[in-house]
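Every value quoted in this text rests on a predicted model; they were computed, and no experiment measured them. Just so it is clear: chains get the letters A, B, ... in the order the sequence lines come, proteins before strands, and each one is counted from 1.
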2 protein chains.
Amino acid sequence: MQVTGTATQILDVAQELVQTRGYNAFSYKDLEARVGIRTASIHYHFPTKADLGTAIAKRYRDFVNSKFAEYEAKEVTAPKRLQRYAGLLESVLTKGNRICVGGMLASDYATLPLEVQTEVSAFIHDNERWLARVLKEGRAAGELAFDGTPEVLATTLFSALEGAMFVARSTGDHGRYRRTAEWLIGTLMSPRVAARRR
Amino acid sequence: MQVTGTATQILDVAQELVQTRGYNAFSYKDLEARVGIRTASIHYHFPTKADLGTAIAKRYRDFVNSKFAEYEAKEVTAPKRLQRYAGLLESVLTKGNRICVGGMLASDYATLPLEVQTEVSAFIHDNERWLARVLKEGRAAGELAFDGTPEVLATTLFSALEGAMFVARSTGDHGRYRRTAEWLIGTLMSPRVAARRR
DNA sequence: TCATACCTACCTACTGATAGGTTATGGTCA
DNA sequence: TGACCATAACCTATCAGTAGGTAGGTATGA
């Protein structure tokens, strides 16, 4: 048995299809050829599509949460941490025109099985909570300057970056994402920090 | 006989399904019961689903473009025009948990027929172009203050508002959209930002 | 010998789409 | 006027293909 078992392989392929086509636009049949086993065998690993969707969402949430920990360990300042976060999503976009799993499933939200919906809501919550903390600490440290609460700005940041992925893909211009991310973070940097950057 | 013909009625119902479920998550069968005619009859009005999707996208784009003209006629200042724009999307969200047609189709982009893709790209372009003009004029008039080009900020604004719709719906909290919109526009009018530019 | 992991074969329901028939309306012309 | 015809707008019936899912059998290795 490999380090990457069949179940993991199924998750990898299915996740890519979720990120490019969306939850309702891929089927077990699509997985068949790419994974190399029959649809019935995929049902052995993931009895229902809801199970598969939930597994994808859970794994992705864990992955992103691990990135949060990584960024906090590696980067000391809030602006750097935000840049890392924006860079993570950018790499998703660049690697095969993909969309963040959370953002894509959010767009399919009304049609998702309940357990997947719950996972999506939790994903958004995790992202916003982490962003809010980074923003709060950054402002306290004088690295960031902004009006309003960290919570509101966290939602705004998350919404903007997720939305920018859709816009970038629909216009065939990945630069749109990058410029949006740069504008947002640049605007948050305090005059002192911004001045040093020039 | 009626003021609203059958074709219009089909478009109304189909558009609602696009806005709530997405392009791939509704079928002619879904329209049957709600419109009150058989799927075959719907094919009479819209031969293919691509035709239907294109008609929905085109009509919505025209609708939004007409709103642009309306806001320019009714409102004199840039902040007011931006507030109107944000309010338009908010009313879409509030009225039946809907998503902007452009944003929803952008999320389905990779699976759309070519003609619908083209329409989606054009919708984004129209929105960004109008926003960029409002921002440019607003800055020239001293009503707004921001770093960077109007074009970049237009993309950011559009991305953020569209993304905020998804986030609001997935968290069951429409207030998230409103607060995001208010933060964005508020930041553009902020004296602090204006002072920083000098 | 027993669980794991795969298979073939099949199911029901639905997908977008087509063929061809029915009905109502309204215009043309001997 | 009335016979005729065209068209619009619907219908039933059907298509081939796909959806997610199930039943039950088989190979393999501990």
Are the side chains of Pro113(B) and Tyr23(B) in touch, meaning some heavy atoms are under 4.5 Å apart?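 Result yes, sub-4.5 Å side-chain heavy-atom pair found.
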Let me know the distance between [atom1] of [X] and [atom2] of [N], rounded to the nearest Å.
{"X": "Tyr28(A)", "N": "dC11(C)", "atom1": "OH", "atom2": "C1'", "value": "17 Å"}
{"X": "His43(A)", "N": "dG25(D)", "atom1": "NE2", "atom2": "P", "value": "20 Å"}
{"X": "Arg38(A)", "N": "dC10(C)", "atom1": "CZ", "atom2": "P", "value": "15 Å"}
{"X": "Phe26(B)", "N": "dC14(C)", "atom1": "CZ", "atom2": "P", "value": "17 Å"}
{"X": "Leu31(A)", "N": "dG20(D)", "atom1": "CG", "atom2": "P", "value": "9 Å"}
{"X": "Glu32(B)", "N": "dA17(C)", "atom1": "CD", "atom2": "P", "value": "15 Å"}
{"X": "Lys29(B)", "N": "dC14(C)", "atom1": "NZ", "atom2": "P", "value": "7 Å"}
{"X": "Asn24(B)", "N": "dC14(C)", "atom1": "CG", "atom2": "C1'", "value": "15 Å"}

Taking any heavy-atom pair under 4.0 Å as a contact, classify [X]: base, sugar-phosphate, or nothing.
{"X": "Phe46(B)", "value": "nothing"}
{"X": "Ser27(A)", "value": "sugar-phosphate"}
{"X": "Tyr44(B)", "value": "base"}

Given [options], the nucleotide with the shortest approach to the side chain of [X]:
{"X": "Asp30(A)", "options": "dA19(D), dC6(C), dC7(C)", "value": "dA19(D)"}
{"X": "Ala40(B)", "options": "dC10(D), dC7(C), dT12(D)", "value": "dT12(D)"}
{"X": "Lys49(A)", "options": "dG21(D), dC10(D), dC6(C)", "value": "dG21(D)"}
{"X": "Thr39(B)", "options": "dC7(C), dA19(C), dA17(C)", "value": "dA17(C)"}

Taking only side-chain nitrogens and oxygens of Ser41(B), does any of them come within less than 4.0 Å of OP1 or OP2 of dA9(D)?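 No, outside the criterion.
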With a cut-off of less than 4.0 Å, is there a side-chain N or O of His45(B) near OP1 or OP2 of dC10(D)?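 The answer is yes; a side-chain N or O of His45(B) sits under 4.0 Å from OP1 or OP2.
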Between Tyr177(B) and Leu161(B), what is the shortest heavy-atom contact and its length?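 Answer, listing the atom of Tyr177(B) first, then Leu161(B): CE1-O, 3.5 Å.
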Taking all non-hydrogen atoms of both residues, which atom of Trp130(B) and which atom of Glu72(B) are closest, and how far apart?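 That would be NE1-OE2, 3.1 Å.
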Less than 4.0 Å between a side-chain N and a carboxylate O, is that true for Asp173(A) and Arg178(A)?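 No salt bridge links Arg178(A) with Asp173(A).
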Considering the options Tyr109(B), Phe123(B), Phe158(B), Phe166(B), which one meets the ring pair (Phe, Tyr, Trp, His ring centres under 6.0 Å) requirement together with Phe166(A)?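 Exactly one option meets the ring pair (Phe, Tyr, Trp, His ring centres under 6.0 Å) with Phe166(A), and it is Phe166(B).
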